[in-house]
Amino acid sequence: MRVSIKPLAVGVASALMFAGAASAQNVKIGFIEGLSGPFGGVGQNQLKHFQYAAERFSGKQANSGVTVEIVPLDSKGSPQEALALLKKATDDGIRFVSQGNGSNVAGVLIDAINKHNERNPGKEVVFLNYAAIDPDFTNAKCSPWHFRFDAGVDMKIEGLTNYMKDRKDIKNVYVIGQNYSFGQQVSKFTEAMLKAKRPDVKIVGNELHPLGQVKDFAPYVAKIMAANADAVVTGNWGPDLVLLIRAASAAGYKGSFYTFYAGVIGTPTAIGAGGADRVHQVSYWHPNSAQSEIESVYTGFKAKFNEEFYTVAAVNAVRFLVAGVEKSKSTDAVKVAKAMAGMKMKGASGEDIEMRASDGALQQAMYISQWTKAGGKDVKFDQENTGFGFKTVRYLQPEQSTMATTCKMPKR
Amino acid sequence: MSMLNGLSYGLLLFMLSAGLTLIFSMMGVLNFAHASFYMIGAYFAYQLSSWSNYWVGFLIAPILVALLGGLFERYMLRKTHKFGHVAELLLTFGLSFVILELVQLVWGRTSVDYAIPTAMQAPLFKLYDSTFQTYRGFMMLVALLMLVSLYLLLKKTRIGLVIQAALTHPDTTEALGHNVPRVFAYVFAGGCGLAALAGVIGGNAFITEPGMAQSVGAIIFVVVVVGGMGSLGGALIASILIGLMQTFAVGLDWSILGGAKSLGVEITSATPGYSLWSLKLSQIAPILPYLLLVLMLIVRPKGIMGTRDE
């Protein structure tokens, strides 16, 4: 008797399991990020973005059969630790990983994932990059397993210089950045694109400083002022940007700043009233950009964590992943990657966004915004209760900041 | 202007390392948690200033931290003393992690808004085009006052005499009827208080966040080693040296490439090792102190004014 029951029981159990898998699918994102250390504050805040995005845009709340779970993995910002964590994630059966803070880390992750996928067919891993914007990742070093939801340095500087070109008050530009791949790219592209669009503008300085090491930016500001710069372009983020802007206001610097990450946690507080009408940001979104559904995400996030929401890329990464799983009806990384490539949807501001198949770069709108006193219809939301917020001074359609790619995409 | 920036940064470093070097010369313990006391100082001052005003934080935070330091010495460090220096070292090492986690639990992992009082945000004076912020002047003033009072305390008062005696001849001092362990506790508390004072005035000049202890931790060890273990004068010279060195190096765009060019040797991007040759002094400014540390250990291991010959 016993012998005859067992196969039946197994059969029923597997049938139940199968039914379960078909109606509800769970996908884990291994969130490999520096959650402690000098940039830990930023990493923790990004983790909340992902957790919130998973809550809102997958599973029950999104009315989807696909539930995304975020697995935090602390790399302390180090490429070596990130590699070890990638190994741990793949061993644990995680097939989707995400990282963003630091193109140096993203670069080694891409290489490692390429190798891993080549050697472990059937256990492929897909990389959802939400903020590492070295353009190499979608050009020379492009990978079929890499999808970038932020805009590349080249796209951002294309947009930024299109705006700066019309600002006739800009004559002397100083470029300062963190000495690693991203900072170097910012300096390279800014110099080249400004030269092409405004040959009369002088680049009076091009400075790189060590990443996250400088405590006192006063000497750098003294140098900027000595060079007579009326505009500073910087890719600095986190404490490096906070300290730079603080030192500039302490020294009474009157020029304007063109930044990438003025909206990142802690930075708005540091800018405060001193940066009014002088600090600019180029980004693919800001809280006062044309709104749609994302406005409730912004307010909901603030209500839940009492922190600012700004990484729309986290939302897009989750949305594309969910749509990819739904479309391919599978959680297999290869099938999902194929489904995500070339996928189109509506972006945060209602514009059409597309995950370009030829290089894995999300094509999206771009905003140049200015730090302005809140109130009125342009600046509905202020940042970190400072009474100041970002005002759009230039909106660029996705096709206005798109860049051609040299990527020869290998087969998946 | 660079001179003043360098001086004010150097003096802040001195405030931080004065306590560390005092504790080291007295107890032979390199206090790994020293920078953590600096951090708590900044956070306490932030908390107190958000409840009342800046000056309350400025006065009370260092006292609170000194008390904590004293308690730590009395109930933990003294207990491990009999197991030797390694145990003490490990204890302070562990403490630095505990403090870091506690700070993150209480105040979160991101930076807090610990602002400079508005009265002192105004420029003190103008030199060429750049202004010198009043707060930087205030930082220098506090550091100098601390330096003078520390000097007077150690050289001109009775307790200073006992401290100095306990530094070099603890057994004899004890035999003369002084409570040397208590003196140790005072010095430890005082050192922590000084670190906290540095945190109170450095936390808002720079940034108050959990990473702040780590970011100054390495540099104050450089100061202590370069200045000579246990030498206050040496620490002063070393801090100002490092402050000035970092500030001036940022302003200098010298590189091996430029030097070679003036000698008539052309280095282009095709030359092997181009990225090394084209590295500018300003780019490596923040790592210069560590270079100095290595050089100092090779050339003069006891430091500028060190007296220990081991």
Side-chain angles (χ1 to χ4, degrees), chain A residues 34-45 47 77 176 179 184 205-226 228 238-240 242-243 246-254 264-270 272-274 305-307 384-386, chain B residues 1-2 4-6 8-10 12-13 100-101 104 108-116 121-123 126-136 202 204-212 214-216 218-219 243-244 246-253 279-280 282-287 290:
Chain A
L35 302 175
S36 59
F39 297 108
V42 179
Q44 288 288 344
N45 175 258
L47 172 61
I176 182 165
N179 197 0
Q184 289 158 3
N206 202 333
E207 181 90 47
L208 292 169
H209 63 79
L211 176 68
Q213 293 280 321
V214 182
K215 189 94 184 141
D216 187 7
F217 270 93
Y220 292 95
V221 172
K223 212 172 160 187
I224 291 171
M225 292 171 83
N228 243 332
D240 281 342
V242 171
L243 289 169
R246 273 204 181 176
S249 19
Y253 178 63
K254 292 277 175 284
V264 171
I265 186 162
T267 318
T269 306
F305 297 110
N306 197 23
E307 281 175 18
E384 299 185 352
N385 307 322
T386 51
Chain B
M1 187 55 63
S2 286
L4 283 171
N5 280 334
S8 61
Y9 184 59
L12 182 79
L13 279 183
L100 176 65
E101 288 303 323
Q104 287 179 345
R109 285 170 191 260
T110 56
S111 59
V112 293
D113 180 25
Y114 176 32
I116 298 170
Q121 279 175 359
K126 229 175 153 135
L127 205 69
Y128 305 111
D129 259 347
S130 47
T131 53
F132 190 70
Q133 203 183 23
T134 314
Y135 196 73
R136 280 203 168 238
N204 51 2
F206 302 122
I207 190 166
T208 303
E209 47 125 13
M212 67 190 287
Q214 200 193 348
S215 65
V216 295
I219 203 123
L244 289 179
Q246 276 192 310
T247 314
F248 279 106
V250 168
L252 297 173
D253 284 329
L279 208 58
K280 287 186 283 193
S282 54
Q283 264 168 271
I284 58 165
I287 56 163
Y290 306 103

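Residue numbering restarts at 1 for every chain, and letters A, B, ... go by the order of the sequence lines. Just so you know, these numbers use all the heavy atoms, side chains as well, and skip hydrogens, waters and symmetry mates.
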Chain B contacts, top residue of Ala218(A), Pro239(A), Gly238(A), Gly274(A) (heavy-atom pairs, under 4.5 Å): Ala218(A)
By a 4.5 Å heavy-atom criterion (distance strictly below it), what part of [X] contacts chain B: side chain, backbone, both, or neither?
X	answer
Lys215(A)	both
Glu384(A)	neither
Leu208(A)	both
Asn385(A)	neither

ring-ring contact (aromatic ring centres under 6.0 Å, His included) partners for Tyr114(B), two or more places apart: none
Residues that Phe305(A) engages under ring-ring contact (aromatic ring centres under 6.0 Å, His included), provided they are two or more places apart: Phe301(A)
Contacting moiety of Thr247(B), where chain A heavy atoms sit under 4.5 Å: both
Closest non-hydrogen atom pair, Asn5(B) against Pro219(A): ND2-N, 4.3 Å
Between CG on residue Asp216(A) and CZ on residue Phe206(B), distance to nearest 0.5 Å: 4.0 Å
